[in-house]
Q: 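Can you read through this structure? Questions will come right after.
None of the values given here were measured: they were computed from a predicted structure. What's counted below: heavy atoms across the whole structure, side chains too, no hydrogens, waters or symmetry copies.
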Amino acid sequence: MRKSVQMVLVLSVVGVVSGGALVGIYRYAQPRIEVNRERALRVAIFEVLPGAETHETIVKEGKTIYKGFDSSGRLIGYAFTGKGPGYQGTIEVMIGVDPELEKTTGIEILESVETPGLGAKITEKLFRDKFRGLVISPLVELIKSKSPEKPNQIQAITGATISSQAVVDILNKTIKEVRGILK
């Protein structure tokens, strides 16, 4: 009996010390994580809006939208984030569109935990570049095993169709939502 009480006491102390250490590390790291996340967001805005020198943030209906302007103050386009489920977890995408909301100007993957070597290819430049100048009206279509024939089609990554489809679904859903807000 004495040995059992001693084991429970030791495990309890180890658990409390470990939990306290985790809380301390979290409190120390969380502000730095947020600063880095904000920095990545700012960089992504200018990546998806080529030619933009400055941006203005607007919040409408709970959605944050960034308006990008060139050096003369002319509107270059809009940037906004979209989230959705991927194959292994949540995918967050920064999407850039032209001022008329007719074509994409680019995408950046902000968060992804897709399968290394397959689904993770959605973060590569080769895949992201397919979204420059992509017609978004009607909806973007994902096609497999052949080259795109229409200006609103994009080819899936071989072996990562689910991740490719997830990006397209996020794009379509978010663009539809932003169109409703801006028009």
Side-chain angles (χ1 to χ4, degrees), residues 29-137 139-140 142 152 154-157 160 162-183:
Q30 189 59 29
R32 286 178 166 78
I33 291 169
E34 284 303 315
V35 166
N36 288 335
R37 182 167 166 61
E38 288 298 318
R39 186 179 304 131
L41 191 67
R42 282 193 307 274
V43 168
I45 292 167
F46 294 109
E47 281 291 319
V48 301
L49 294 174
E53 298 283 327
T54 61
H55 77 278
E56 174 185 308
T57 304
I58 56 174
V59 179
K60 283 188 175 179
E61 299 177 28
K63 185 76 175 166
T64 303
I65 302 169
Y66 306 95
K67 294 170 73 173
F69 300 95
D70 66 10
S71 57
S72 65
R74 184 175 59 90
L75 180 64
I76 295 290
Y78 300 97
F80 40 87
T81 60
K83 274 187 179 180
Y87 180 68
Q88 289 189 319
T90 301
I91 298 174
E92 184 175 11
V93 182
M94 174 67 76
I95 304 160
V97 295
D98 66 358
E100 293 81 29
L101 302 173
E102 294 176 356
K103 291 183 179 182
T104 57
T105 55
I107 67 164
E108 280 293 316
I109 307 298
L110 299 174
E111 180 183 331
S112 170
V113 290
E114 298 301 285
T115 309
L118 291 174
K121 289 183 180 181
I122 64 171
T123 63
E124 293 179 2
K125 186 173 175 16
L126 185 65
F127 180 71
R128 293 188 334 260
D129 282 351
K130 293 178 183 181
F131 289 90
R132 293 204 186 270
L134 187 65
V135 173
I136 53 178
S137 184
L139 299 176
V140 176
L142 185 75
N152 68 324
I154 188 163
Q155 187 175 17
I157 298 170
I162 295 173
S163 299
S164 302
Q165 186 66 57
V167 172
V168 169
D169 291 345
I170 293 166
L171 195 81
N172 286 331
K173 177 181 152 252
T174 308
I175 289 171
K176 182 178 179 183
E177 179 184 344
V178 169
R179 270 194 184 126
I181 293 170
L182 293 177
K183 294 215 175 187

Q: So which heavy atom on Ala79 is nearest to which on Ile45, and how close?
A: CB-CG2, 4.4 Å

Q: Looking at Ile58, is its backbone amide N or carbonyl O close enough to the side chain of Lys63 to form a donor-acceptor pair, meaning the two atoms are under 3.5 Å apart?
A: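 No: the side chain of Lys63 does not pair with the backbone of Ile58.
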
Q: For a side-chain contact (heavy atoms from CB on, under 4.5 Å) with Val167, tell me which candidate from Ile157, Ile122, Ile154 qualifies.
A: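 It is Ile122, the one option of Ile157, Ile122, Ile154 that forms the side-chain contact (heavy atoms from CB on, under 4.5 Å) with Val167.
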
Q: Knowing that exactly one of Asp169, Val168, Ile175, Val135 qualifies, which makes a side-chain contact (heavy atoms from CB on, under 4.5 Å) with Val140?
A: Val168

Q: Above 12 or not: heavy atoms from other molecules or residues under 6.0 Å from CZ of Arg132?
A: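 Yes, CZ of Arg132 has more than 12 neighbouring heavy atoms, counting only those of other groups under 6.0 Å.
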
Q: For the CG atom of Leu182 and the CD atom of Glu177, what is their distance to the nearest 0.5 Å?
A: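 Going from CG on Leu182 over to CD on Glu177, the span is 10.5 Å.
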
Q: Side chain to side chain contact (heavy atoms under 4.5 Å, CB included) between Val93 and Leu110: does it pass, once the steps are laid out?
A: CA-CA 5 Å; Val93 182; Leu110 299 174; over 6 Å; no

Q: Before you tell me yes or no, could you show the steps for Lys173 and Lys176 under side chain to side chain contact (heavy atoms under 4.5 Å, CB included), namely the whole-Å CA-CA distance, both residues' side-chain angles and the distance that decides it to 0.1 Å?
A: CA-CA 5 Å; Lys173 177 181 152 252; Lys176 182 178 179 183; 6.0 Å; no

Q: I need the Ile95 CD1 to Tyr78 OH distance, nearest 0.5 Å.
A: 15.5 Å

Q: Please determine if Glu102 and Arg179 form a salt bridge, counting it only when a charged side-chain N lies under 4.0 Å from a carboxylate O.
A: no

Q: Below 4.5 Å, heavy atoms only, C-beta onward: do Phe69 and Glu56 meet side chain to side chain?
A: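 Yes, close enough: below the 4.5 Å cut-off.
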
Q: Between CD of Gln165 and CG of Leu142, what distance do you get to the nearest 0.5 Å?
A: 5.0 Å

Q: Check Ala166 against Pro85 and note the closest heavy-atom contact, atom names and distance.
A: CB-O, 3.4 Å

Q: I need the minimum non-hydrogen distance between Gln88 and Val113, along with the two atoms involved.
A: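 Closest approach of Gln88 to Val113, heavy atoms only: OE1-O, 2.9 Å.
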
Q: Which atom names give the shortest non-hydrogen contact between Arg39 and Asn36, and what distance separates them?
A: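 Heavy atoms only, the tightest pair is NH1-OD1, 2.9 Å.
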
Q: Looking at Lys103, is its backbone amide N or carbonyl O close enough to the side chain of Asp98 to form a donor-acceptor pair, meaning the two atoms are under 3.5 Å apart?
A: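 Yes, the answer is positive, given that a donor and an acceptor are paired below the 3.5 Å cut-off.
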
Q: The test is side chain to side chain contact (heavy atoms under 4.5 Å, CB included); show your working for Leu171 and Phe131 and say whether it passes.
A: CA-CA 10 Å; Leu171 195 81; Phe131 289 90; 3.8 Å; yes

Q: So, Thr104 side chain and Val97 main chain: donor-acceptor pair closer than 3.5 Å or not?
A: no

Q: Once rounded to the nearest 0.5 Å, what's the spacing between atom OG1 of Thr123 and atom CG of Leu126?
A: 11.0 Å

Q: Mind listing the closest non-hydrogen atom pair of Arg128 and Glu108 along with its distance?
A: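 Scanning both residues completely, I find the closest heavy atoms to be NE-OE2, 3.2 Å.
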
Q: Say you draw a straight line from OG1 of Thr174 to CD1 of Ile107; how long is it, rounded to the nearest 0.5 Å?
A: 11.0 Å

Q: Considering only heavy atoms from C-beta outward, does the side chain of Ile91 approach that of Ile170 to under 4.5 Å?
A: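 Counting from C-beta outward, Ile91 and Ile170 do come under 4.5 Å.
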
Q: Taking all atoms of both residues into account, what is the closest heavy-atom pair of Thr105 and Leu49, and its distance?
A: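 Shortest heavy-atom contact: OG1-CD2, 3.6 Å.
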
Q: Could you state the interatomic distance from OG1 (Thr81) to CG (Leu41), rounded to the nearest 0.5 Å?
A: 7.0 Å

Q: Can you tell me if Phe80 has over 12 outside heavy atoms packed within less than 6.0 Å of its CZ?
A: yes

Q: Would you confirm whether Glu111, through its side chain, and Glu92, through its main-chain N or O, come within 3.5 Å as a donor-acceptor pair?
A: no

Q: Check the pair His55 / Lys67 against side chain to side chain contact (heavy atoms under 4.5 Å, CB included), numbers first and verdict last.
A: CA-CA 5 Å; His55 77 278; Lys67 294 170 73 173; over 6 Å; no

Q: Will you find, in the side chains of Ser163 and Glu114, an N or O donor that is under 3.5 Å from an N or O acceptor?
A: yes

